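Just the heavy atoms: all of them, side chains too, but no hydrogens, waters or symmetry mates, feed the values below. Keep in mind the model is a prediction, meaning the values are calculated, not measured. Protein chains get the first letters and strands the later ones, always in sequence-line order, with residue 1 at the start of each.
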Number of protein chains: 2
Amino acid sequence: MIKMSYNKPDEKSISLFFRAIANIKRFRILVTLNEKGPMCVSQLEDLLDIEQSDLSHNLKCLLNCKFVNREYRGKEKVYSINDYMRGLINSINNHIGTYENYIKSCDILNVKETKNSNKLGIIKNR
Amino acid sequence: MIKMSYNKPDEKSISLFFRAIANIKRFRILVTLNEKGPMCVSQLEDLLDIEQSDLSHNLKCLLNCKFVNREYRGKEKVYSINDYMRGLINSINNHIGTYENYIKSCDILNVKETKNSNKLGIIKNR
DNA sequence: TTATTATATGACATTTTTATCATATGATAA
DNA sequence: TTATCATATGATAAAAATGTCATATAATAA
């Protein structure tokens, strides 16, 4: 039973919210849906070069959290970004832009890459 | 060389930004500094019941990202929340509150707990 | 000076998250 | 019906994040 009325969110919800958006692939999906409009999974696959099953798993997360909406079009599923998320993405740009270089230099979040690892998972798949 | 002028942030910065705040302990530190005002590490330790070295590691992350500021007071270090973060925390409350139950039911983010694990790390330490 | 208090750091084990593979489901076309 | 296309799911290996311990540093007190 899921209720829709407003509640002051608890810590668990807030943490989940940020964890959902903190994933770079999920974030790229949101940005793409924001900039290019609604599209189906295989279009996202082509644009983002992310494995189909990987995409589906991440879309499920975004859908569960209501960051995206889904419509059925025959055998395709068309995903679109939730209006709130669109606004949020814009509103944080200024802050992150200003402090970008500090954030990037955080040695708690960043780990040096070794030949076999890409701790941030950001460069590959691009 | 860290520059302060505004840039449109890249994906890496955005991902780091959210990963910094997605950690429940770091988020609780921010909330505490927001609600109770500036305080030193040992005060946070008492209030939040987080290990001293764990706190220091997480404070370093928050400081690196400029989510908090630090002042010296004798041998104590006094941390305070950055004004932007204060606003952000409030602005997302409505959205998360509305969709809280959806977010909580996301089975990509949530993993069932077993006797030896607390995957979310949320209940313990309270 | 040495002792004490407060905080920070490095190493690394533990826990959690992510990526990938094999397979399932569901819609439509042949 | 069977074949094909589009997407979803479950299991689990690989990678990354977190927690903890031992120890370092830095300020002040004795």
Exercise. Between atom CG in B:Leu59 and atom C1' in D:dG19, what is the gap in whole Å?
Worked result: 15 Å
Exercise. In the strands shown, is D:dT2 matched to any nucleotide by a Watson-Crick or G-U wobble pair with both distances under 3.5 Å, and which?
Worked result: C:dA29
For this session: Would you name the heavy atoms of B:Arg26 and B:Arg19 that are closest together and state the gap between them?
Result: NH2-O, 3.3 Å
Problem set entry | Distance, nearest 0.5 Å, that separates CD of A:Glu51 from CG of A:Asn58 | 11.5 Å
Problem set entry | B:Leu44 CG to C:dA8 P, straight-line distance once rounded to whole Å | 11 Å
For this session: Check every strand shown and say whether A:Ser42 touches a base, only sugar-phosphate, or nothing at a heavy-atom separation below 4.0 Å.
Result: sugar-phosphate
Exercise. Under 4.0 Å: is that the gap between some side-chain N or O of A:Asn23 and OP1 or OP2 of C:dT17?
Worked result: no
Exercise. What is the distance from NZ of A:Lys60 to P of C:dA19, rounded to the nearest Å?
Worked result: 17 Å
For this session: Rounded off to whole Å, could you give me the CZ-to-P distance for the A:Phe18 and D:dT18 pair?
Result: 14 Å
Problem set entry | Protein-nucleotide distance (B:Leu55, atom CG; D:dG19, atom C1'), rounded to Å | 12 Å
Exercise. Nearest heavy-atom pair of A:Lys25 and A:Asn23: which atoms, and what distance?
Worked result: N-OD1, 2.9 Å
Exercise. Should we count CD of A:Gln52 as having more than 12 external heavy atoms under 6.0 Å?
Worked result: yes
Exercise. Of B:His57 and B:Glu45, whose closest DNA chain C nucleotide lies nearer the 5' terminus?
Worked result: B:Glu45
For this session: Measure the distance from NZ on B:Lys25 to C1' on C:dT16 and round it to the nearest whole Å.
Result: 13 Å
Exercise. Taking only side-chain nitrogens and oxygens of B:Arg70, does any of them come within less than 4.0 Å of OP1 or OP2 of C:dA8?
Worked result: yes
For this session: Counting heavy atoms from C-beta on, name the nucleotide in C:dT20, D:dG19, C:dT7 closest to the side chain of A:Asp54.
Result: C:dT20
For this session: State, yes or no, whether a side-chain contact exists between B:Met39 and B:Leu47 at a heavy-atom distance under 4.5 Å.
Result: yes
For this session: Take nucleotides 22-30 of chain C nucleotide by nucleotide from the 5' end and write B, S or -, depending on whether a protein heavy atom sits under 4.0 Å from the base, only from the sugar-phosphate, or from neither.
Result: B----SS--
Problem set entry | Cluster check A:Val78, A:Phe67: I/L/V/M/F/W/Y, side chain < 4.5 angstrom | no
Exercise. Just how far, in rounded Å, is P of C:dA8 from OH of B:Tyr79?
Worked result: 3 Å
For this session: Give the rounded distance in Å between these two atoms: CE of B:Met39 and C1' of C:dA6.
Result: 16 Å
Exercise. Of all residues at least two apart in sequence or in a different chain, which pass the side-chain contact (heavy atoms from CB on, under 4.5 Å) check with A:Val68?
Worked result: A:Leu30, A:Leu33, A:Leu62, A:Leu63, A:Tyr79
